[in-house]
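To find a chain, count down the sequence lines: A is the first, B the second, and so on, and within it residues start at 1. As the structure is a prediction and not an experimental result, all values here were calculated from the model. The figures here come from the full heavy-atom set of this structure, side chains too, leaving out hydrogens, waters and symmetry mates.
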Number of protein chains: 2
Amino acid sequence: MTDFDPADTGKAVSGGEENLTGQLKAAGLRPTRQRLSLGGLLFGNGDRHVTAETLHEEAMAAGIHVSLATVYNTLHQFTDAGLLRSLPVNGSKTYFDTNTTRHHHFYCESGGVLSDVPSGAMEIAGLPEAPEGMEITSVDVVVRIRPKA
Amino acid sequence: MTDFDPADTGKAVSGGEENLTGQLKAAGLRPTRQRLSLGGLLFGNGDRHVTAETLHEEAMAAGIHVSLATVYNTLHQFTDAGLLRSLPVNGSKTYFDTNTTRHHHFYCESGGVLSDVPSGAMEIAGLPEAPEGMEITSVDVVVRIRPKA
DNA sequence: ATTTGTGCAAATCGTTTGCATCTGA
DNA sequence: TCAGATGCAAACGATTTGCACAAAT
């Protein structure tokens with residue numbers, strides 16, 4: 001029942017982020033109650049993988065009232081601002097990762113569970129050159145897994 | 001205006017595949033007119049990346065009448081039969097690749113164009129171990145690119 | 001006061017499904 | 001003949017959008 005304190009806007013959000021308000025402003029985004037609340041959920045609990053739906057449910061459960069549309073908007077705005085990374089995992093749902101550093105993922109199709117590949121466990125050797133006139137923006141590696149036997 | 005010849009069912013489809021009919025039968029799929037026609041488009045022109053939509057348009061343009069639903073069905077059946085590989089490229093559309101060997105892809109978000117990373121240009125070093133009780137089914141690498149400047 | 005964000009519900013997009021009809025073995 | 005395929009259109013799930021209201025600077 002910990003209400004998110006709207007007065008806490010210029011401070012650390014919940015032990016994770018330094019200054020979400022500042023980052024939002026830098027991105028031209030107003031630090032609204034919803035954005036700060038969602039930011040608290042996202043960045044106050046370590047690395048996370050969420051979908052719009054799971055984040056929305058979590059917000060509801062936490063007593064934060066936000067519409068699903070706003071969750072979508074916020075996730076995209078955060079992504080554009082560089083606070084999140086969107087993951088191209090599956091054909092249907094879009095996943096967002098609070099860890100924007102270079103790392104890769106396991107994805108279990110039966111269940112839609114996403115997890116990190118331990119850093120260092122896997123490397124990409126020899127990045128290829130992009131085709132003429134193109135530049136590489138990111139490299140996504142998805143290791144698909146399924147329950148054994 | 002080369003009509004696909006329905007009589008050519010037991011033979012090479014168009015210079016690419018040996019015996020599509022046999023492969024379909026082996027997979028428990030009847031070699032119907034539609035499946036052979038779509039197979040001709042898919043396997044008779046070298047390696048290809050298609051979506052249901054692009055393949056459907058191509059079929060129409062070639063004078064082959066198939067419904068979009070049948071294209072979807074066929075793509076999935078071919079995939080299950082191991083003739084195609086489905087690519088988890090983007091959040092929305094599903095791509096299918098006629099090259100089922102291990103290779104990776106460039107994906108240009110602006111335009112949705114998919115192309116192969118030249119084989120050997122890139123390697124994955126050190127496949128990680130799957131989490132407890134899981135096994136790896138595939139590893140997909142997508143190199144996202146955008147037009148330079 | 002002005003500008004930007006939010007919520008809701010309707011609209012959209014890709015994909016799947018139910019069912020009557022047709023086709024290949 | 002008869003199981004299996006196809007076509008159509010309606011159903012679906014995830015995401016986006018338009019517009020009236022609310023909140024932040």
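Contact check, B:Q77 against D:dA5: no side-chain N or O comes under 4.0 Å of OP1 or OP2. At least one side-chain nitrogen or oxygen of A:S67 sits closer than 4.0 Å to the OP1 or OP2 atom of C:dG7. Phosphate contact (OP1/OP2 of C:dG5, side-chain N/O of A:T32, threshold under 4.0 Å): absent. Residue A:R35 has a polar side-chain atom (N or O) positioned under 4.0 Å from OP1 or OP2 of C:dT6. Residue A:Q34 has no polar side-chain atom (N or O) positioned under 4.0 Å from OP1 or OP2 of D:dA22.
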For this session: Decide side chain to side chain contact (heavy atoms under 4.5 Å, CB included) for A:L114 and A:D97; before the verdict, give the C-alpha distance in whole Å, the side-chain angles of both, and the deciding distance to 0.1 Å.
Result: CA-CA 10 Å; A:L114 199 62; A:D97 191 340; over 6 Å; no
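Considering only residues two or more places apart in sequence or on other chains, A:R35 meets the salt bridge (Lys or Arg N to Asp or Glu O under 4.0 Å) condition with none of them.
Under the 4.0 Å criterion applied to side-chain N and carboxylate O atoms, B:E53 and B:K93 are assigned as salt-bridge partners.
Of the possible donor and acceptor atoms, none in the side chain of B:Y72 sits under 3.5 Å from a partner among the backbone N and O of B:S67. With hydrogens and angles ignored, the 3.5 Å screen pairs no side-chain donor or acceptor of B:H104 with any backbone N or O of B:M122. Remark: side-chain polar atoms of B:T74 are paired, donor with acceptor, to backbone N or O of B:T70 under 3.5 angstrom.
Nucleotide D:dA24 holds its P atom 12 Å from the NZ atom of A:K25, rounded to whole Å. Rounded to an integer number of Å, the gap from CG of B:L24 to P of D:dG4 is 16 Å. The NE2 atom of A:H56 sits 14 Å away from the C1' atom of D:dA14 (whole-angstrom rounding). Across the protein-nucleic acid pair, B:L29 atom CG and D:dT6 atom P stand 9 Å apart, rounded to whole Å. Distance, A:D80 CG to C:dG5 P: 13 Å, rounded to whole Å.
Residue side chain A:R30 reaches the base of C:dT3 through a donor-acceptor N/O pair under 3.5 Å, judged by distance alone.
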Produce the list of close N/O pairs, under 3.5 Å, pairing protein atoms with atoms of nucleotides 12-19 of chain C; give distances to one decimal.
unit_1, atom_1, unit_2, atom_2, d
C:dT15, OP1, B:T94, N, 2.7
C:dT15, OP1, B:T94, OG1, 3.0
C:dT15, OP2, B:Y72, OH, 2.5
C:dT15, O5', B:Y72, OH, 3.1

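Classification of the B:H105-B:H103 ring pair by plane angle, with boundaries at 30° and 60°, yields perpendicular.
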